[in-house]
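A quick write-up on the structure given underneath.
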Amino acid sequence: ALGALTEVEMAPLAGRGVRDMSGGERARVLFARLLATGAPLLLADEPAAGLDPEAQFLVMHLLRRRLDSGVAVLATFHDLTLAARACDRIGVMSGGRLLTLAPPSEALTASVLAEAFGLEGGLIATPAGPVVAVRRP
């Protein structure tokens with residue numbers, strides 16, 4: 001468990017109680033708990049929610065590292081840009097049904113974003129990585 005805390009850069013908090021941690025610190029400690037399981041499949045519900053941008057990138061890096069080592073990773077996201085940057089395949093659901101399961105460039109098209117979320121826009125390639133730019137019509 002200490003190894004996982006070290007990975008998420010929270011080892012100094014190992015002796016601290018949860019009530020003495022900020023929300024972001026708690027989220028990172030809970031993420032460390034997920035990593036510490038050593039399970040062949042990781043299910044992560046909004047793993048970067050409530051984290052600052054640097055910590056979000058750390059979490060995505062650690063999930064990618066697990067994936068590259070042969071662990072299956074399934075994660076949910078509301079942050080479409082983060083999903084586009086981190087995921088090989090994105091499933092977009094709406095009304096209880098799967099609209100698409102494809103690479104980000106195919107899953108986050110203007111038509112899918114309109115159908116799933118009622119938004120106008122799409123995926124834009126930038127030097128820093130893809131960005132989902134949308135607006136309400």
Pairs under 3.5 angstrom only: tabulate donor-acceptor contacts from the side chains of residues 107-126 to other protein residues two or more places apart or in another chain.
residue: T109; atom: OG1; partner: S111; partner atom: OG; Å: 3.2
residue: T109; atom: OG1; partner: V112; partner atom: N; Å: 3.3
residue: E115; atom: OE2; partner: R97; partner atom: NH2; Å: 2.7
residue: E120; atom: OE1; partner: R135; partner atom: NE; Å: 3.1
residue: E120; atom: OE1; partner: R135; partner atom: NH2; Å: 2.7
residue: T126; atom: OG1; partner: A128; partner atom: N; Å: 3.3
residue: T126; atom: OG1; partner: G129; partner atom: N; Å: 3.2
residue: T126; atom: OG1; partner: G129; partner atom: O; Å: 2.4

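Here the shortest heavy-atom pairing between L99 and S94 reads CD1-CB, 3.7 Å. For the residue pair P130 and A84, the shortest heavy atom distance occurs at CG-O, 3.7 Å. Taking both residues in full, the closest heavy atoms of A39 and V71 are given as O-CG1, 3.7 Å, listed atom of the first, atom of the second, then distance. Here the closest non-hydrogen pair linking T81 and D79 is N-OD1, 3.1 Å.
Of the charged side-chain nitrogens involved, none lies within less than 4.0 Å of a carboxylate oxygen, so that E7 and R28 do not count as a salt-bridged pair.
Not a single donor-acceptor pair under 3.5 Å links the side chain of T100 to the backbone N or O of G91.
Contacts of L34 classified as side-chain contact (heavy atoms from CB on, under 4.5 Å), with partners at least two apart in sequence or in another chain: F31, L42, A44. For D45, the salt bridge (charged side-chain N to carboxylate O under 4.0 Å, His left out) criterion is met by no residue, not counting sequence neighbours. Residues satisfying the side-chain contact (heavy atoms from CB on, under 4.5 Å) criterion with A83, sequence neighbours excluded, are F77, C87, I90.
By the 6.0 Å contact criterion, CZ on R64 is enclosed, its count of non-hydrogen atoms from other residues, nucleotides or ligands being greater than 12.
Between atom CD of residue Q56 and atom NE2 of residue H61 there is a gap of 15.5 Å, rounded to the nearest 0.5 Å. Rounding to the nearest 0.5 Å places CG of L82 at 9.5 Å from CG of L51.
L74 belongs to a hydrophobic cluster whose other members, connected by ILVMFWY side-chain contacts under 4.5 Å either directly or through intermediates, are L41, L43. The other residues sharing a hydrophobic cluster with L98 are M93, L101, where clustering joins ILVMFWY side chains under 4.5 Å apart.
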Q: Evaluate the side chain to side chain contact (heavy atoms under 4.5 Å, CB included) criterion for residues M60 and R85: first the C-alpha distance (whole Å), next the side-chain angles of each, then the deciding distance (0.1 Å), finally the verdict.
A: CA-CA 9 Å; M60 299 292 74; R85 290 181 179 197; over 6 Å; no

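The same ILVMFWY cluster, assembled from side-chain heavy atoms under 4.5 Å apart, contains both L58 and L63.
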